[in-house]
Amino acid sequence: MIEIKIKEEKLDCGFCLDFVRHHEAGGIATFIGTVRNQTNGKTVERLEFESYIPMAEKEMLKIAQFIESKWDAHNICIHHRIGVLEVGETAVVIAISTPHRKAAFEACQYAIDTLKENVPIWKKEFFEDGEVWVATHP
């Protein structure tokens with residue numbers, strides 16, 4: 001099963017973890033991306049995420065379907081937040097269950113790397129002295 005969501009409300013890590021639990025899964029890997037308080041030595045006050053949701057969810061589904069086939073994943077949950085987020089808030093949650101731990105780790109790494117490269121979600125950082133849109137590719 002696959003669960004994909006982009007939402008303005010706070011993300012529920014517990015829901016994502018429960019969603020991917022499976023009796024045949026030997027491993028569950030999670031990635032939780034949070035808003036940090038600095039970038040390149042500058043204090044970050046908050047972030048804002050914008051997205052073209054229909055296209056973003058379609059791209060996230062493609063990522064999940066690839067993971068399902070490549071790593072034999074049982075369940076995949078990818079939730080991303082949009083809107084204004086304060087320091088410490090959760091921006092993205094990825095949870096994946098697979099038969100073995102190595103596959104779970106690899107699939108989770110692939111999911112966040114590919115999401116950042118391909119999914120139309122844009123991030124703006126707000127500092128004390130201004131704001132800047134951040135390139136999606138780290």
Side-chain angles (χ1 to χ4, degrees):
M1 295 192 311
I2 294 172
E3 163 81 3
I4 302 291
K5 280 210 173 127
I6 295 175
K7 51 199 277 188
E8 292 187 30
E9 301 82 29
K10 289 187 177 190
L11 301 182
D12 183 344
C13 299
F15 171 86
C16 296
L17 185 58
D18 288 342
F19 181 85
V20 301
R21 291 185 186 280
H22 191 280
H23 65 280
E24 294 178 5
I28 295 174
T30 59
F31 174 80
I32 300 170
T34 58
V35 178
R36 66 178 174 263
N37 68 353
Q38 62 81 31
T39 294
N40 298 325
K42 293 180 74 172
T43 301
V44 173
E45 295 183 336
R46 65 187 181 282
L47 298 181
E48 182 175 353
F49 290 95
E50 291 185 8
S51 176
Y52 177 57
I53 295 173
M55 183 180 286
E57 288 182 337
K58 185 176 175 182
E59 291 300 317
M60 290 163 69
L61 181 59
K62 283 185 195 173
I63 292 167
Q65 290 171 331
F66 180 77
I67 288 168
E68 200 172 40
S69 64
K70 180 169 174 74
W71 285 283
D72 197 24
H74 295 297
N75 297 317
I76 301 162
C77 185
I78 304 173
H79 286 185
H80 203 295
R81 180 114 181 256
I82 57 172
V84 176
L85 282 73
E86 302 297 326
V87 171
E89 287 192 277
T90 301
V92 61
V93 178
I94 297 171
I96 301 170
S97 61
T98 63
H100 304 284
R101 70 178 179 274
K102 182 177 180 185
F105 283 127
E106 289 175 357
C108 202
Q109 177 78 51
Y110 173 83
I112 187 60
D113 290 348
T114 308
L115 186 148
K116 289 179 76 90
E117 289 178 13
N118 296 344
V119 177
I121 297 173
W122 304 281
K123 179 171 73 173
K124 187 183 231 181
E125 290 181 321
F126 291 84
F127 305 100
E128 288 178 343
D129 59 349
E131 59 205 44
V132 63
W133 285 101
V134 178
T136 56
H137 309 290

- Task: Step through the shown structure and confirm whether more than 12 heavy atoms of other residues, nucleotides or ligands are within 6.0 Å of NZ on Lys70.
- Result: no
- Query: Are Thr114 and Lys62 close enough that some pair of their side-chain heavy atoms sits under 4.5 Å apart?
  - Reply: no
- Query: Under the ring pair (Phe, Tyr, Trp, His ring centres under 6.0 Å) test, which residues partner His22, sequence neighbours left out?
  - Reply: His74
- Joint hydrophobic cluster, Val93 plus Ile67, side-chain heavy atoms closer than 4.5 Å: no
- Is there a side-chain contact (heavy atoms from CB on, under 4.5 Å) between Cys13 and Ile32 once you walk through the steps? CA-CA 8 Å; Cys13 299; Ile32 300 170; 3.8 Å; yes
- Least distance between heavy atoms, Arg36 atom then Val44 atom: O-CB, 3.7 Å
- Any donor-acceptor pair under 3.5 Å from Ser51 side chain to Pro120 backbone: yes
- Item | Atom pair CD/CD1 of Glu59 and Ile78 - distance to nearest 0.5 Å | 11.5 Å
- Item | More than 12 heavy atoms from other groups under 6.0 Å of NZ on Lys102 | no
- What distance do Glu57 atom CD and His80 atom NE2 have between them, rounded to the nearest 0.5 Å? 12.0 Å
- Message: Show the nearest heavy-atom pair for residues Ile82 and Glu50, with the distance to one decimal.
- Response: CG2-C, 4.4 Å
- Message: Under the criterion side-chain contact (heavy atoms from CB on, under 4.5 Å), I'd like the reasoning laid out for Tyr52 against Trp122: C-alpha separation, chi angles, the key distance, then a yes or no.
- Response: CA-CA 9 Å; Tyr52 177 57; Trp122 304 281; 4.2 Å; yes
- Query: Looking at Lys5 and Met60, what are the two nearest heavy atoms and their distance?
  - Reply: O-CE, 3.9 Å
- If every non-hydrogen atom of Val35 is compared with every non-hydrogen atom of Glu86, which pair is closest and at what distance? CB-O, 3.5 Å
- Message: Please report the interatomic distance CD1(Ile121) to CG(Leu115), rounded to the nearest 0.5 Å.
- Response: 5.5 Å
- Verify, without hydrogens or angle tests, whether Ser97 (side chain) and Asn75 (backbone) share a donor-acceptor contact under 3.5 angstrom. yes
- Task: Quick one: closest heavy-atom pair of Ile96 and Thr98, and the distance?
- Result: CG2-CG2, 3.9 Å
- Rounded to the nearest 0.5 Å, what separation is found between the CD atom of Glu106 and the NE2 atom of His100? 12.0 Å
- Task: To the nearest 0.5 angstrom, please state how far the CD atom of Glu117 sits from the CD1 atom of Ile112.
- Result: 10.5 Å
- Query: Do Ile6 and Phe31 belong to the same hydrophobic cluster, where Ile, Leu, Val, Met, Phe, Trp and Tyr are linked whenever their side-chain heavy atoms lie under 4.5 Å apart, directly or via other members?
  - Reply: yes
- Tell me whether Ile53 is reachable from Leu47 by hopping between hydrophobic residues (I, L, V, M, F, W, Y) whose side-chain heavy atoms are closer than 4.5 Å. yes
- Side-chain hydrophobic cluster, 4.5 Å single linkage: members besides Met1: Phe15, Leu17, Phe19, Val20, Ile28
- Query: Given the rule that I, L, V, M, F, W and Y join up when any side-chain heavy atoms are under 4.5 Å apart, are Val92 and Leu61 in one cluster?
  - Reply: yes
- Ile4 with Ile94, same ILVMFWY side-chain cluster at under 4.5 Å: yes
- Query: What is the minimum heavy-atom distance between Phe127 and Thr43, and which atoms define it?
  - Reply: CD2-O, 3.2 Å
- Partner set under ring pair (Phe, Tyr, Trp, His ring centres under 6.0 Å) for Phe66, not counting sequence neighbours: Tyr110
- Arg81 and its side-chain hydrogen bond (donor to acceptor under 3.5 Å, both in side chains) partner, picked from Glu9, Glu89, Glu8: Glu89
- Query: Is the count of non-hydrogen atoms from other residues, nucleotides or ligands lying under 6.0 Å from Lys7 atom NZ greater than 12?
  - Reply: yes
- Point-to-point distance, once rounded to the nearest 0.5 Å, from CG of Leu11 to NE2 of His79: 7.5 Å
